[in-house]
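Report on the structure given below.
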Amino acid sequence: MSAAAPTPKRSPRSLLVAAFLLGAAGIGLMSCETVGRVGNADDGESRQVASTDISSLSQVIEKNPSDPEAWNMRGSAYARSKQFGPAISDFNRALQLDPNFAQALANRALVYRQTGQTDQALADYNRVISVDPNYAPAYVGRGNIYRLQGQTQQAMADYDKAIQIKPETAEAYYNRGLIRQANANHEVAIDDFTSAISNDPLAEAPYYSRGTSYLQLKKYKEALADFNQALQINNRNAASWAGRGYAEAGLNDTQKARESFQHALGIDSGNAAAKNGLSQLGAS
């Protein structure tokens with residue numbers, strides 16, 4: 001969404017939020033549909049844990065080379081540490097041992113998606129659903145592909161199905177909320193983000209996205225609370241600092257807004273939302 005040009009003599013409350021990108025701008029999306037949290041990218045600590053897991057799981061595989069679960073688990077550890085080639089190899093081995101292993105198929109599909117092999121990912125998700133029609137993560141994964149391809153009706157149907165099968169599926173609510181938010185249906189988007197938070201309260205992205213919808217509805221106090229919560233989870237996210245700046249500007253706290261925008265630019269000097277916010281504050 002493009003930002004409107006700053007207008008002289010505009011009060012902080014009237015700062016445009018059009019520059020503040022909807023959805024998951026600046027937020028690392030979920031690292032895996034079958035494990036992990038909504039909207040939280042793997043950090044250095046989690047990669048270190050994955051490396052430890054790989055060593056331990058390699059020993060398990062040496063003792064049980066015909067166990068598909070062991071290969072799948074090590075493949076997941078490789079994926080968490082961004083070693084996608086070995087991850088695919090392990091998932092392939094798991095599927096040689098058990099061709100209908102739904103979790104290994106879904107995990108391989110996710111790695112395919114992360115490495116830009118969308119057709120292969122979609123084929124794997126379709127295969128999971130044919131093998132196990134009640135495997136909710138496959139609907140979430142396929143829905144994510146459809147959403148990014150602009151096939152929103154198909155994506156919504158998959159998210160709805162995932163929620164029907166497993167009502168605690170946080171990522172399904174989150175991504176369904178993104179579609180509703182993009183269509184300016186902010187009230188129902190907020191409901192979805194709230195459901196995502198209820199099922200995964202330590203995920204960063206739903207707070208950010210709900211805060212963005214609150215901004216669009218000019219509910220600045222609620223928006224500020226959500227951006228603050230997102231920053232408690234990850235205080236190095238420039239988008240959340242910029243969002244906080246817009247909420248503070250909406251509350252006429254110009255000094256704090258300026259500080260938040262500057263903090264965002266200290267993390268990401270190219271953050272357009274923060275630049276726009278500072279520009280409009282300067283013109284007020």
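Residue indices begin at 1 and follow the sequence shown. Just the heavy atoms: all of them, side chains too, but no hydrogens, waters or symmetry mates, feed the values below.
Side-chain contact between L105 and L95 is present, with heavy atoms from C-beta onward closer than 4.5 Å. With contacts defined as side-chain heavy-atom distances shorter than 4.5 Å, the pair M156/R180 qualifies. For the pair N134 and Y139, the minimum side-chain heavy-atom distance is 4.5 Å or more. With a 4.5 Å cut-off on side-chain heavy atoms, Y208 and T212 count as touching. Looking only at side-chain heavy atoms (C-beta outward), E222 and L217 stay at 4.5 Å or farther from each other. P99 places a side-chain heavy atom less than 4.5 Å from the side chain of R127. Here the side chains of H263 and I267 are in contact, with some heavy-atom distance below 4.5 Å. Looking only at side-chain heavy atoms (C-beta outward), D98 and N100 come within less than 4.5 Å of each other.
Taken to the nearest 0.5 Å, the CG atom of D192 stands 4.0 Å off from the CZ atom of R176. The OG atom of S89 lies 11.0 Å from the CZ atom of R108; values are rounded to the nearest 0.5 Å. Separation of atoms CE (M73) and CG (D90) is listed at 12.0 Å; rounding is to 0.5 Å. Separating the CD1 atom in I233 from the CG atom in N228 is a distance of 11.5 Å, to the nearest 0.5 Å. How far CD of Q255 is from CG of L281: 9.5 Å, rounded to the nearest 0.5 Å. Atoms CD1 and OH, from I54 and Y78 in turn, are 5.5 Å apart once rounded to the nearest 0.5 Å.
Relative orientation of the F193 and Y174 rings is tilted, given thresholds of 30° and 60° on the angle between their planes.
A donor-acceptor pair is defined here as one N or O able to donate and one able to accept, closer than 3.5 Å; such a pair exists between the side chain of W241 and the backbone of N235. At least one donor-acceptor pair under 3.5 Å links the side chain of N183 to the backbone N or O of I179. A donor-acceptor pair is defined here as one N or O able to donate and one able to accept, closer than 3.5 Å; no such pair exists between the side chain of S279 and the backbone of K275. A donor-acceptor contact shorter than 3.5 Å is absent between the side chain of N64 and the backbone of S66. No donor-acceptor pair under 3.5 Å is formed between the side chain of Y173 and the backbone N or O of E168. Judged purely by atom type and a 3.5 angstrom limit, Q103 has no side-chain atom pairing as donor or acceptor with the backbone of N72. For N185 (side chain) and V188 (main-chain N/O), no donor-acceptor pair under 3.5 Å exists by modelled atom type.
Side-chain atoms of Y159 and N144 include a donor-acceptor pair closer than 3.5 Å. N234 and Y207 are not linked by any side-chain donor-acceptor pair at a separation below 3.5 angstrom, with hydrogens and angles left out of the test. A side-chain donor from one of Q96 and R93 sits under 3.5 Å from a side-chain acceptor of the other.
Under a hydrophobic clustering in which Ile, Leu, Val, Met, Phe, Trp and Tyr are joined whenever their side-chain heavy atoms come within less than 4.5 Å, directly or via other members, I190 and I163 fall into different clusters. There is a path of hydrophobic side-chain contacts, each under 4.5 Å, that joins L224 to L215.
In terms of heavy atoms, V111 sits closest to A87 at CG2-CB, 4.4 Å. Heavy atoms only, all atoms of each residue included: G211 and A223 are closest at O-CB, 3.5 Å. What you find for A121 and I145 is that their closest heavy atoms are CB-CD1, 3.8 Å.
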Practice problem: Take L122 and Y146 through the test side-chain contact (heavy atoms from CB on, under 4.5 Å) and record every step on the way to the result. | Solution: CA-CA 9 Å; L122 191 58; Y146 286 145; 4.3 Å; yes

Exercise. Please report the C-alpha distance between D158 and Q154 in whole Å, then the side-chain angles of each, then the deciding distance to 0.1 Å, and finally whether the side-chain contact (heavy atoms from CB on, under 4.5 Å) criterion is met.
Key: CA-CA 6 Å; D158 274 352; Q154 295 92 323; 5.8 Å; no

Quiz item: Can T169 and N199 be said to form a side-chain contact (heavy atoms from CB on, under 4.5 Å), step by step?
Solution: CA-CA 7 Å; T169 307; N199 287 291; over 6 Å; no

Exercise. Could you give me the CA-CA distance, side-chain angles and deciding distance for T115 and I88, then say whether side-chain contact (heavy atoms from CB on, under 4.5 Å) is met?
Key: CA-CA 11 Å; T115 55; I88 290 289; over 6 Å; no

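By the side-chain hydrogen bond (donor to acceptor under 3.5 Å, both in side chains) test, S130 is found to be paired with no residue, residues two or more places apart in sequence or in another chain being considered.
D226 pairs with exactly one of R210, K221, R244 by the side chain to side chain donor-acceptor pair (under 3.5 Å) rule, that one being R210.
For R80 and D53, the salt-bridge test passes: some basic side-chain N is under 4.0 Å from an acidic carboxylate O.
In this structure, the ring of Y220 has its center no less than 6.0 angstrom from the ring center of Y246.
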